[in-house]
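Here the structure is a predicted model, which is why all the values come from computation and not from measurement. Labels below follow one simple rule: chain letters A, B, ... track the order of the sequence lines, proteins then strands, and each chain is numbered from 1.
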Amino acid sequence: MKKDIKAQKINEYDHLKIEKKWQKKWSALKLYKTKEEKNKNKKTDDFTSESEAKKFYILDMFPYPSGEGLHVGHPKGYIATDIYSRFKRMQGYNVLHPMGFDAFGLPAENYAIKMKMNPADMTAKNVKRYKEQLEILGFDYDWSREVNTTDPKYYKWTQWIFLQLFKKGLAYESYEPINWCPSCKTGLANEDVEDGKCERCGTVVEKKPMRQWVLKITDYAEKLLAGIDEKDANGKPLLDWPDSIKELQRNWIGKSEGAEIDFKVKIADKISDKIPNGKNIKVFTTRPDTIFGVTYVVLAPESPLVSEFINSALNKSEIEKYISEAKKKTEIDRTDAKKEKTGVEIKGIKAINPANNEEIPVYVADYVLAEYGTGAVMAVPAHDERDWQFAKKYNLPVKDVIAPYFFDNTENSRPREGLETVNRRVAVGILKHWSEDKYIMLDWKNGWTGFITGGVEENESIDEGIKREIIEETGYKNVKIIKRIGGVTINHFYAPHKEKNQFIETHCVYLELVNDDRLPVSEEEIKKHSVLWKNKEEVLPFLKKGSPMGDSRYSEFFWEHLNTDNYSYVGSGNLINSGNFNGRNSNEVMKEITKSIGGEWVNKYKLREWVFSRQRYWGEPIPLIHCEKCGVTAVPDKDLPVKLPKVKFYEPTGTGESPLAGIAKWVNVKCPECKGKAKRETNTMPQWAGSSWYYLRYMDPKNSKVFVDPKIEKFWSPVDLYVGGAEHATRHLIYARFWHRFLYDNGFVSTPEPFRKLQHVGLIMAEDGRKMSKRWSNVVNPDDIVKTYGADTMRLYEMFMGPFDQSIAWNTSSMVGTRRFLERVWRASEKVEKVNSKKNNIKNEFDKKNFEKEKDLPPYIHKAIKKVGEDISDMKYNTAVSTLMIALNEIEKSLEKSGQISSLEFSVFLKLLAPFAPHMSEELWMNLGNKNSIHLESWPVCDESKLIEKNVKIIVQINGKVRWSLEVDSALSKEKIETLIMENEIVKKWISGKKIIKQIFIPGKLLSIVTD
RNA sequence: GCCGGAGUGGCGAAAUGGUUUACGCGCACGACUCAAAAUCGUGUAGAGGCAACUCUAUGUGGGUUCAAGUCCCACCUCCGGCACCA
């Protein structure tokens, strides 16, 4: 099998030996220790001046150490940051590249319970295992800065930040129903629920009212939204993030602008604002323009208004029954849009539409969500899909108030200034054959096409009008009206045959012919158009040809709605049936209508408050104390951290109390204010707490006075590059931004946003294309790969697989390519010219700045320097690796010619390889006679002037096709090249007998000849 | 339904509007070998042709351009996210 690397010969590449050796040495030398550490002891106020170099903070999303250990997919992002940080270090940056562990939370706890282990012990074990697995890959982490969220020295500050939020009123106790996972026996945040299921265990989530701590993240909704597009003083975006993630966050925050409108409520014969405790129904709508079309009002079952109105209801028990059934439903059932809508009317009360004072019924229905907007909506079935479905089911009236507005903004049809505008009603008839599935259409002599169309007289109804038109234009007299289609549309256009602008209200009627009885058609009509039968497929193309009323969109609109009863028009348009607002554009009248009915223009967000309590053991204790006299008080700073007590039983209780509640010794404390009897808060924090600020702690991980020294924070902030999985887009990345923004607003940190550039890692799938998982037993273990192929091979392969942010299936046999590449490098190293170490002290020579630049390195090395550097910067690792491969191919070619490889050339090559394959490049670097680590060398400098090849290939295109190419000296003039080309037989053949119209010359690239 | 992203060889993929298929895998043939493995070399989009060469190909259909994988319009498919948010 090719997959196995056979026993090595003595001087062959022995990855095991080399990798272990260098990992030990690097660690002993503290090679990757962040420079700033050394300066910290010096006494100075100006921290930043201490460090000569520019800083670069590169961060991985720290892992959650599960019991299963790492698979080959996990380190992909770490490999990338390792390469990036080595590259930056070689460029002279002061690099901060730390690692730590996010170890509180449900999965670890559930696993510990399953394994009958204490979560703390198990976490320690897992962390150890993870660290070992990371270390064999040769990463350059500064482990002296390791953080662990479960360390009391760390979570002291997690608790401290929580208390800052609490003190600013951003943490509060709530008793609202929240998402409850019956399997994990804890409340969950909105972000922890996916498709109505617990994100962790997949159990269907229930709604359960309970006491909980909630963070007011919605107070920051606007800032979090605006921050996405914020720029710094230099006009650079604060967030250099993928657009897709920005969009995801925008959607998650979900801002909508709209109106809050009060509907007065009439109970029996009284109007609500005249009766005690009476309440108006406040609704939120993004479409106040449809207010005249409101035919009922709906309250969410959980709306507090329901309990106020229910006593005045004539059908109290029916409503109560409905509400209790709604409560029983799971979130999945509640929010399934496809499901038939249900509801019940509150009989005996009416709401009053503030726009027209109509009395309309009030319903309770669970398609309205209590948590969003005001928990009440005004229903406009004509212009809202959901309201329409509900109205159909309960036979509620549908009232059109928005007419699609077709304004043909082309030269010919655009209404002309200074001309009279005629207002008319027009009927359009779609007339079906008496037995076949085909339709009558008119083909006008002047090029128009369309259905039967005609103006309706003042005293005539639409139905009468269309019947009359049919007889006039076609003669058919026995027609049956089936239905009206598509409400009303407005057509606004210039009618050339009348030299007037027209503003037409168009109604469409669908009719069927009963038989072919016809009356004679007048000569005049016959002259105007012919009557054609078109079958279904022909209608739409035929309509598009032209229209008597501006463009043909209105008739297409009607045709589309012919067979769909099931629709409501949700677009914009012109107002009809809307009193003073008739004829106005719906988009333009929003605010005006809102004002006219006393409404308020507001913003609403989909983002929900962050449910911050977990009724579980394995988390940071919430550092609050409940005192009978003083209420809820913060644990004083001096008493932090509130340590998680060791317990015998940490299984969740399921009662809504955390297991901590049972530990009397821990729970019962003195009130810090009045010294009276008090109890500790027993809920713990969610998993996301510790990860919301860990990047700050890395900057100053040992500080016991503050969570981070402000001077140090100012130096390192923000994180310059943050690499991790896209699955955190709406959890961690929202939470961390929220905490950071809060800390910024309160002067604790210096930047508004924590992470400047964000880069996503694409998943590595298993060879079978599925996700790697124990469940599918398709997991590839990095330990095995490192053992068999080496860490360098694995690192190189994972970077070479494909674009970094794309998910790609693992393929071990494909990996041998990168192994072969390294073996070739190894063999090539034996052919490097021997340099007399005495005569030629390479170490000193290489320390000279820009040494390479002065030397005569071949163009392909300069190209590689340029390309590899650019590709690392852009995180295009796959092409960086291929560039290295190309460079090696060139080195081998030159070896063939000269019999040996230049020492300098190979040194430069090794430096380019060093970030990718740190062990091998270090070994070979030392073999060249160097004393200091290659990883402390400076990155080679590309001399742009050396990039130019002696010869260039010129492509000859004739009429857009490549016909010939030639190699010429790059210094040759345009004229000379053109002469050479024109003299060529092939070129002559292609242009013979033709006239050259045009010639385009791109220097060094191509000549394009165009003939007639 | 809405919002993103992507469709290029047998496969992973590459390509500032300028030779489509770099680099690697796989495959075929050859060299070395008693043989195999490893290694090295050559070839490898499709069709036609003995060949030189020609034609056709970057999901589909149009368009802009001397020139389009790349820009514009319409559509199809797949992947990811959100979704009764009024």
Is it the case that the base of [N] and the side chain of [X] share a donor-acceptor contact (distance under 3.5 Å, atom types as modelled)?
X      : N     : result
A:K961 : B:U19 : no
A:K606 : B:C82 : no
A:Q957 : B:G18 : yes

Handout entry: Test item: side-chain donor near acceptor, A:T730 and A:E191, under 3.5 Å
Key = no

Spacing of [X] atom [atom1] relative to [N] atom [atom2], expressed in whole Å:
X      : N     : atom1 : atom2 : value
A:I808 : B:C11 : CD1   : P     : 15 Å
A:N878 : B:A15 : CG    : C1'   : 12 Å
A:Y13  : B:A38 : OH    : P     : 19 Å
A:E247 : B:C2  : CD    : P     : 15 Å
A:I734 : B:C82 : CD1   : C1'   : 13 Å
A:W964 : B:C53 : CH2   : C1'   : 16 Å
A:L607 : B:C82 : CG    : C1'   : 14 Å
A:K197 : B:C82 : NZ    : P     : 13 Å

Using the [atom1] atoms only, state how far [M] lies from [N], rounded to an integer number of Å.
N     : M     : atom1 : answer
B:A31 : B:A38 : C1'   : 14 Å
B:U33 : B:A22 : P     : 33 Å
B:G26 : B:G9  : C1'   : 12 Å
B:A13 : B:C25 : C1'   : 10 Å
B:A45 : B:C11 : C1'   : 14 Å
B:A52 : B:A36 : C1'   : 41 Å
B:C2  : B:U70 : C1'   : 28 Å
B:G1  : B:G12 : P     : 29 Å

Cation-pi check, [X] onto [Y] ring (under 6.0 Å, within 45° of axis):
X      : Y      : result
A:K76  : A:F804 : yes
A:K604 : A:F284 : yes
A:K341 : A:F390 : no

Identify which nucleotide among [options] has an atom closest to any side-chain atom of [X], counting heavy atoms from C-beta outward.
X      : options             : value
A:N251 : B:G18, B:G26, B:C3  : B:C3
A:M885 : B:G18, B:U39, B:C23 : B:C23
A:T286 : B:A86, B:C82, B:C25 : B:A86
A:T879 : B:A86, B:A14, B:G24 : B:A14
A:R824 : B:G18, B:G24, B:A86 : B:G24
A:S814 : B:C25, B:G12, B:A86 : B:C25

Looking at [X], I'd like to know whether one of its side-chain N or O atoms comes within less than 4.0 Å of OP1 or OP2 on [N].
X      : N     : result
A:T883 : B:C23 : no
A:R819 : B:G24 : no
A:R250 : B:C2  : no
A:K998 : B:C66 : yes
A:N889 : B:A22 : no

Looking at every strand, decide which applies to [X] at a 4.0 Å heavy-atom threshold: base, sugar-phosphate, or nothing.
X       : value
A:P803  : sugar-phosphate
A:I886  : sugar-phosphate
A:R827  : sugar-phosphate
A:D243  : nothing
A:V1010 : sugar-phosphate
A:I1000 : base
A:L248  : sugar-phosphate
A:V380  : nothing
A:R963  : sugar-phosphate
A:N811  : nothing
A:W990  : sugar-phosphate

Problem - Distance in Å, A:D262 CG paired with A:N280 CG, rounded so as to fall on 0.5 Å steps - result: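 That separation rounds to 4.5 Å.
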
Practice task
Run through A:D871, A:I83, A:N878 and flag the one making a side chain to side chain contact (heavy atoms under 4.5 Å, CB included) with A:M799.
Solution key: A:I83

Completion exercise
Sorted by position of nearest nucleotide on RNA chain B, 5' first, the leading residue of A:S244 and A:Y372 is A:S244

Problem - Along RNA chain B (nearest heavy atom to each residue), the more 5'-positioned of A:S1008 and A:I245 - result: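 In this pair, the answer is A:I245.
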
When both hydrogen-bonding distances must be under 3.5 Å and the geometry is Watson-Crick or G-U wobble, what is [N] paired with, if anything?
N     : value
B:C82 : B:G1
B:A57 : none
B:G18 : B:C66
B:A28 : B:U42
B:U77 : B:A6

Handout entry: Within-4.5 Å side-chain heavy-atom neighbours: A:E798 and A:V72
Key = yes

Exercise for the section: Dump the intermediate steps for side chain to side chain donor-acceptor pair (under 3.5 Å) on A:Y367 and A:T342, then the final yes or no. Expected result: CA-CA 8 Å; A:Y367 78 92; A:T342 59; over 6 Å; no

Handout entry: Anti versus syn assignment for B:G9, with syn defined as within 90° of 0
Key = syn

Practice task
Quick one: do A:S1008 and A:Q999 satisfy side chain to side chain donor-acceptor pair (under 3.5 Å)? Show the steps, please.
Solution key: CA-CA 6 Å; A:S1008 184; A:Q999 247 172 256; over 6 Å; no

Practice task
State whether the number of non-hydrogen atoms from other residues, nucleotides or ligands found under 6.0 Å of A:K327 atom NZ is greater than 12.
Solution key: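 No - once you tally the heavy atoms of other residues, nucleotides and ligands closer than 6.0 Å, there are 12 at most.
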
